[in-house]
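Only heavy atoms go into these numbers, but all of them, side chains included; no hydrogens, no water, no symmetry mates. Every chain is numbered from 1, with letters handed out A, B, ... down the list of sequences.
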Number of protein chains: 2
Amino acid sequence: MADTGTSDDTREKILRSALRLFTTQGFHATPTAQISRGAGVSTGALFHHFTDKATLTSEVYLAIKREMAADLREGDDMALPVRKRITGGIRRYIEWGVSHPEERAFLNLFYHSPNICDAVKDRTYADFRWLHDLCAEAVAEGVIRDVPHPVLFTVIVRTADGIVDLAAAVPPGTAREEVVDAGLAVIWHGIGAEGPG
Amino acid sequence: MADTGTSDDTREKILRSALRLFTTQGFHATPTAQISRGAGVSTGALFHHFTDKATLTSEVYLAIKREMAADLREGDDMALPVRKRITGGIRRYIEWGVSHPEERAFLNLFYHSPNICDAVKDRTYADFRWLHDLCAEAVAEGVIRDVPHPVLFTVIVRTADGIVDLAAAVPPGTAREEVVDAGLAVIWHGIGAEGPG
DNA sequence: GTCTATAATAAGATAGAC
DNA sequence: GTCTATCTTATTATAGAC
């Protein structure tokens, strides 16, 4: 068990180095040699752990998505009413984005890149399925207005993404909380069946 | 005047070829040789019209932004009440996105790319200034709730971007109109001071 | 499992003829 | 203003020692 520690460490260091360089330079502008150098290992070690550069890129993506999905779900309390669960989910989504700027930049980069295999994107859909179900539940309960689900989900996620960028550009504390609260208020005015909250 | 036509044509063909290839392959994955080949000209001609690849990329961006800004402003009727002008502006924004998929893909790609000079992005801000002013006017008139301007503008644009993606994925006609109308309803519920509309 | 050295290829940009 | 040919450099990935 202690022996495999070194190998896993190398793998992790390569993933972290790739994340940092991809987000500051882009995929194709980042040579594999620079990634391995940033990780403190050799080119040979990189290609021992990852078959090629595309695989390494996908692995970075999958690792981030898995971590993000776990963080989001961990904070969910199923005992709470649906509206509070959704608000909490959006808040955690925003907090995660603000506190993970490199991961967020990578996801944006990856998402808008051409020629990135959709199969890779689809592999993470299941981890977020419960959020879709939660929204459907809210609509069924009359907590959310009867908006077509794709429109509903898109509005929530896109708006939250925008709030993340705004919140990250503002100093932590009251100013940041005000941005998040204002964003949440607009979202709930937009989708909520009742008054604001 | 007729003599310069050939040269301008070459320039335009290079810009169009670059747009198509960048959106399907990405910036760094697209060799300049392929761009010139796609335009039906030689590498030499490309570097005669653009000093380097980065300049060509920026020129594609600026041309798209200029065209988009002109289309948006052209449809504006200053005689209309503020709310109708904003609704019309969002509708034209969505329509432009749906009918310009390559341009939209390029803007997304460019916007999320690292190392793209902010100075280039800033050069187009003035063309959209009137939209910011229009929103501020709506807040001053009490047509839009008193939401901090960055939050307000972000919510509108991000939601509209999401609606473009949804609308583009649906066949034109009733289905598409329903998506757009549903999106606009959510936006106005979110930001409007009065009832829905 | 990690290293150094290198093979094989492809990139951006230029030179000089026409 | 456009072409062909090419220079220079950088890239991904592999080979083989340790």
Asker: For the atom pair OH (A:Y125) and CZ (A:F128), what is the distance rounded to the nearest 0.5 Å?
Answerer: 11.5 Å
Asker: Between A:D9 (CG) and C:dG1 (C1'), how many Å, whole number?
Answerer: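 Answer to the nearest Å: 13 Å.
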Asker: Whole-Å distance between C:dT2 C1' and A:D8 CG?
Answerer: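 Distance check: A:D8 CG to C:dT2 C1' gives 15 Å.
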Asker: For B:K53 and D:dT9, give me the distance from atom NZ to atom P, rounded to whole Å.
Answerer: 19 Å
Asker: I need the CG-P distance between B:D52 and C:dT14, as an integer number of Å.
Answerer: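 Spelled out: CG on B:D52 to P on C:dT14 is 8 Å.
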Asker: What is the distance, to the nearest angstrom, from the CD atom on B:Q25 to the P atom on C:dA10?
Answerer: 14 Å
Asker: Quick one: A:I14 CD1 to C:dG1 P, roughly how many Å, whole number?
Answerer: 12 Å
Asker: Could you identify which residues of residues 31-46 of chain A place a heavy atom less than 4.0 Å from some atom of DNA chain D, listed by residue number, or say none?
Answerer: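 Under 4.0 Å from DNA chain D: A:P31, A:T32, A:T43.
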Asker: Is a donor from one side chain sitting under 3.5 angstrom from an acceptor on the other, for B:T30 and B:Q25?
Answerer: yes
Asker: Could you state the atom-to-atom distance from CG of B:L56 to P of C:dG12 in whole Å?
Answerer: 11 Å
Asker: Does B:K121 count as lying over the ring of B:Y61, i.e. NZ or CZ under 6.0 Å from the six-ring centre, within 45 degrees of the axis?
Answerer: no
Asker: Using a cut-off of strictly less than 4.0 Å, decide whether B:T10 has a side-chain nitrogen or oxygen near OP1 or OP2 of D:dT2.
Answerer: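 Answer yes for this pair, as a side-chain N or O of B:T10 is under 4.0 Å from OP1 or OP2.
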Asker: Remember a base hit wins even if backbone is also touched, and classify B:H28 as base, sugar-phosphate or nothing at under 4.0 Å, heavy atoms.
Answerer: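 Result for B:H28 = nothing.
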Asker: So, A:R66 and A:D127, do they make that salt bridge, N to O below 4.0 Å?
Answerer: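 A:D127 and A:R66: not salt-bridged.
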Asker: To the nearest Å, how far apart are A:K13 NZ and C:dG1 C1'?
Answerer: 12 Å
Asker: Checking B:H189 against A:H189: is there a side-chain donor and acceptor pair closer than 3.5 Å?
Answerer: no
Asker: Distance from B:H132 atom NE2 to B:L152 atom CG, nearest 0.5 Å?
Answerer: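 Those atoms lie 10.0 Å apart.
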Asker: Using a 6.0 Å cut-off, check whether atom CG of A:D52 has over 12 heavy atoms from anything other than its own residue.
Answerer: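 Count over threshold, so yes.
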Asker: With a 4.0 Å limit, can you tell me whether A:H48 has a side-chain N or O closer than that to the phosphate oxygens OP1/OP2 of C:dT2?
Answerer: no
